[in-house]
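Here is the structure we will look at, set down as structure tokens.
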Amino acid sequence: MIGLIPFMAPVYAAIIVIIMYFGIKVYVGKRKQSIQKDVGEGICMECGSRVFNKKCPNCDCAKE
């Protein structure tokens, strides 16, 4: 916000900073939700595939 003050009124600079803050919070929240949806139960440490029903579909190792 301090960097914007020389170019515009402090009120407008504060509004822009507040909008950016909440915009980043929303983006990070949606990104975190997307990653959680993709990962699901977890990732197999041996082959890197997604775990279904506590078992890896590629290497059939049981995950607990």
Side-chain angles (χ1 to χ4, degrees):
M1 183 175 101
I2 294 173
L4 292 174
I5 288 177
F7 303 108
M8 60 181 57
V11 174
Y12 295 125
I15 291 171
I16 290 172
V17 169
I18 291 169
I19 290 171
M20 286 175 56
Y21 174 78
F22 286 111
I24 290 169
K25 292 289 259 183
V26 168
Y27 175 76
V28 168
K30 289 194 181 277
R31 184 73 178 149
K32 203 181 268 190
Q33 188 178 30
S34 172
I35 290 171
Q36 182 65 29
K37 183 178 162 188
D38 288 341
V39 171
E41 294 180 32
I43 297 174
C44 179
M45 296 302 288
E46 294 178 20
C47 65
S49 67
R50 195 169 158 192
V51 174
F52 293 105
N53 297 327
K54 298 184 181 180
K55 289 188 114 185
C56 176
N58 289 340
C59 58
D60 292 334
C61 54
K63 298 293 176 196
E64 299 185 28

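Everything numeric here is computed off the predicted structure, so don't read it as measured data.
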What residues, two or more places apart in sequence or in another chain, satisfy side-chain contact (heavy atoms from CB on, under 4.5 Å) together with I19?
I15

Could you state whether I43 and I35 fall into the same hydrophobic cluster, counting links through intermediate Ile, Leu, Val, Met, Phe, Trp or Tyr residues with side-chain heavy atoms under 4.5 angstrom apart?
yes

Of all residues at least two apart in sequence or in a different chain, which pass the side-chain contact (heavy atoms from CB on, under 4.5 Å) check with Y12?
M8, A9

Apart from F7 itself, what residues make up its hydrophobic cluster, given side-chain heavy atom links below 4.5 Å?
none

In the hydrophobic cluster built from side-chain contacts under 4.5 Å, what are the other members alongside V26?
none

